[in-house]
Number of protein chains: 2
Amino acid sequence: MAGLPRDSGDARDTVVTLARSLGVAASTVSRALRGDPRISTKTRRRVEALAAERGYAPNVLARTLASGHSGLIALSLGPISNPFYVELMQEAVIQAAARDLRLLLLHAGAGPIEDQTAQTLLQYQVDGCLITSAELSSHAARICAVHNVPVVMVNRVPKLHASAIACDNFLGGQDLARLLLGGGHQRFAIIRGNPDSSTSIERERGFAEMLKNHGIDFDLRINGGSTYEGGFAAGRMFAEMPRDRQPDAIFAVADIMAMGVVDALRIGGIRVPDDISVVGFDGIAQGAWPAYAITSVQQPIAAMVSRGLDLLTARIGTSTVPDEVVLLRGELILRRSARLPVRMAA
Amino acid sequence: MAGLPRDSGDARDTVVTLARSLGVAASTVSRALRGDPRISTKTRRRVEALAAERGYAPNVLARTLASGHSGLIALSLGPISNPFYVELMQEAVIQAAARDLRLLLLHAGAGPIEDQTAQTLLQYQVDGCLITSAELSSHAARICAVHNVPVVMVNRVPKLHASAIACDNFLGGQDLARLLLGGGHQRFAIIRGNPDSSTSIERERGFAEMLKNHGIDFDLRINGGSTYEGGFAAGRMFAEMPRDRQPDAIFAVADIMAMGVVDALRIGGIRVPDDISVVGFDGIAQGAWPAYAITSVQQPIAAMVSRGLDLLTARIGTSTVPDEVVLLRGELILRRSARLPVRMAA
DNA sequence: CTCTTGCGTGCACACGTTTGCAATGCTTTA
DNA sequence: TAAAGCATTGCAAACGTGTGCACGCAAGAG
């Protein structure tokens with residue numbers, strides 16, 4: 001397939017052509033470039049010099065065939081209507097490149113990973129699989145398990161066989177509840193994301209438990225689907241409630257929903273935070289926009305990706321390392337969408 | 001993972017193992033699966049049946065080595081603080097999968113594509129390169145040219161040797177100007193994106209030319225860097241101007257900037273669109289949020305990606321197809337951020 | 001009945017790299 | 001001085017797939 005009319009500069013260098021030019025064996029070139037200590041410093045220098053001069057780039061595909069490792073990580077993104085996953089992706093691209101890993105973009109969107117997609121996991125001999133809050137079908141999970149492809153889920157604790165890295169959502173929920181309690185709030189509401197996801201469940205659990213510890217219960221619990229629109233719809237519902245039934249503090253378990261809530265409340269003539277405080281979770285960049293200024297828990301994205309890749313690389317090539325779940329502490333970010341405790345506002 | 005020490009089903013099927021089970025040659029299996037007409041229907045059926053039963057997935061890397069085509073498309077994303085690129089990415093993932101192409105995520109972010117990144121283009125033998133408004137360094141461009149890797153830029157017309165697909169930004173700019181003129185606006189301002197990008201330049205040119213045709217000139221031209229923050233800063237500047245100098249219509253060449261403008265104006269006590277109309281460009285989902293309702297030109301994302309992949313696939317394996325630039329017409333979306341012409345408002 | 005034609009299949013090699021093992025030459029030790 | 005050790009390099013086989021070529025076999029033509 002080199003091309004019928006023979007493309008001009010088509011002669012892509014290989015280990016063999018380099019070796020021929022140097023008068024050595026191909027294996028010597030290969031070892032020199034891989035840093036094999038058996039090659040003399042002198043020869044290595046010569047090889048490296050010529051490789052640099054010719055702009056030689058090893059054919060990773062051929063390497064994979066021989067060595068079994070492709071350096072490819074399959075990346076599966078969750079619903080990107082939530083900017084959090086986009087930030088996660090960008091961080092993943094940067095850090096993967098720094099580790100000399102490449103990302104194969106398998107899936108992006110709300111739905112589950114299709115079986116056909118899982119096939120390409122195998123076809124491309126990916127070394128591992130990084131999944132951010134998308135559903136991995138049991139079929140796909142089995143494929144990974146059988147073929148010994150490690151799986152790490154970011155921002156979601158797996159039901160299936162896989163490692164995971166996530167923010168400590170429970171503690172984060174508690175932090176927000178404590179903050180709102182300190183601000184003197186009394187009637188609470190929560191807007192869930194995907195009610196099945198561990199992320200949403202844990203945040204709610206931490207929030208509710210902390211309130212319960214202070215003798216407060218609440219039953220305003222709405223599903224918002226982790227979208228702006230879901231948050232907006234919920235906010236509209238609150239805005240239309242009779243004033244004495246309205247909550248005075250709303251916890252949307254994702255910032256993107258909190259933004260929808262804020263918009264809906266304002267359109268409904270309700271002041272934020274004077275009438276109702278709103279807090280979110282994730283710490284997305286948009287939450288800092290002056291029009292919103294969402295008080296939130298910032299997820300440590302860089303650390304999550306970094307530790308996630310650690311988990312992955314530690315499991316590549318071995319089946320002896322057991323699965324692991326790592327929780328990282330998020331950081332409370334105070335902004336104007338929630339009334340502060342008196343002492344903190346001072 | 002599957003078993004504790006020894007991987008049980010680890011024996012990944014290959015053409016050879018299938019051939020052995022069937023008592024035929026490996027080449028026969030290969031040909032049968034590739035749909036070679038020389039293989040008898042009967043044999044093909046047998047091969048296909050066994051392949052399906054065993055869940056055989058061909059090793060694409062080995063295929064690449066032999067055939068020269070990897071089925072990999074390198075994807076380079078622009079600054080993802082602009083949601084437009086995220087929408088573009090999602091569409092690309094979907095359409096690439098449908099065409100049996102895989103996306104190798106090379107770059108994401110504002111900066112130019114690094115030279116080291118360009119190396120991986122070669123290492124992974126990508127068939128082509130899809131670039132959405134990120135700068136391709138001249139070094140990287142040369143690498144692609146020399147090694148005959150076709151490059152298609154989406155949403156940007158290249159200075160370098162490459163094909164391109166974009167919205168007709170000039171016409172879109174004209175449409176917006178015509179709309180604002182119809183709405184009775186008289187004093188105009190524009191907020192540019194990246195002042196070097198063809199996208200920003202063309203939109204501005206179409207806008208200014210249409211105004212000029214109606215005898216209107218304007219000199220309020222500000223750089224907003226295609227970010228929310230840039231738009232916000234510009235909006236603040238407008239809000240602080242003396243009332244009689246203020247524009248009554250602002251064109252932000254990207255929706256994300258228009259959102260910043262709207263926020264800044266409102267915070268400054270200016271009503272949109274009663275005092276000042278704001279229009280954007282791109283048609284991102286966030287622009288439809290009730291709090292913004294940005295009048296805009298919707299880029300035909302699906303068609304852009306589709307035609308972009310067309311351009312790419314047509315150039316894979318040949319160096320004879322000349323570069324091509326395709327412009328698609330965008331669609332005017334009327335929302336509440338701009339006063340409408342009387343007849344249209346009726 | 002023989003020769004040609006064409007269909008279906010197998011053999012062998014190529015793609016570019018890695019890697020176990022052998023071979024070379026040189027230094028060290030007994 | 002010979003044997004053994006070490007450092008350095010080459011040879012050749014593998015990884016899994018695609019493909020040019022040749023081979024065997026049956027059917028049709030003369």
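Protein chains get the first letters and strands the later ones, always in sequence-line order, with residue 1 at the start of each.
Along DNA chain C, the nucleotide closest to B/Thr41 and the one closest to B/Ala62 are compared, and the more 5′ of them pairs with B/Thr41.
Electrostatic pairing of A/Arg102 and A/Asp127 does not count as a salt bridge here, judged by no charged N lying under 4.0 Å from a carboxylate O. Taking 4.0 Å as the cut-off between side-chain N and carboxylate O, B/Arg38 and B/Asp36 count as a salt-bridged pair. Under the 4.0 Å criterion applied to side-chain N and carboxylate O atoms, A/Arg20 and A/Asp13 are not assigned as salt-bridge partners.
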Problem set entry | Working for salt bridge (charged side-chain N to carboxylate O under 4.0 Å, His left out), residues A/Asp196 and A/Arg156 | CA-CA 11 Å; A/Asp196 295 331; A/Arg156 168 167 296 202; over 6 Å; no
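Between the side chain of A/Arg31 and the base of C/dG20 there is at least one donor-acceptor pair of N/O atoms closer than 3.5 Å. Between the side chain of A/Ser27 and the base of D/dC11 there is at least one donor-acceptor pair of N/O atoms closer than 3.5 Å.
When the P atom of D/dG16 is taken as reference, atom CG of B/Asp13 falls 11 Å away, rounded to whole Å. Atom pair A/Leu65:CG and D/dT17:P shows a separation of 9 Å (rounding to whole Å applied). Rounded to whole Å, the distance from CG on B/Leu18 to P on C/dG10 is 14 Å. Whole-Å rounding puts the B/Arg38 CZ to C/dC7 C1' distance at 10 Å.
The side chain of A/Arg34 sits closest to C/dT18 out of C/dT18, C/dT9, D/dT17. You'll find that the side chain of A/Val24 is closest to D/dG10, out of D/dG10, D/dT17, C/dT18. Candidate nucleotides D/dT8, C/dT9, D/dT17 were compared by shortest atom distance to the side chain of B/Ser30, and D/dT17 ranks first. Comparing D/dT17, C/dT9, D/dC15 against the side chain of A/Ala66 picks out D/dC15 as the nearest. In the set D/dG16, C/dC11, D/dT8, C/dC11 carries the atom at the smallest distance from any side-chain atom of B/Ala25.
Look at B/Ser67 and you won't find any side-chain N or O under 4.0 angstrom from OP1 or OP2 of D/dT19.
Contacts of A/Thr43 with the nucleic acid, taken as non-hydrogen atoms under 4.0 Å apart, involve only primed sugar atoms and P, OP1 or OP2.
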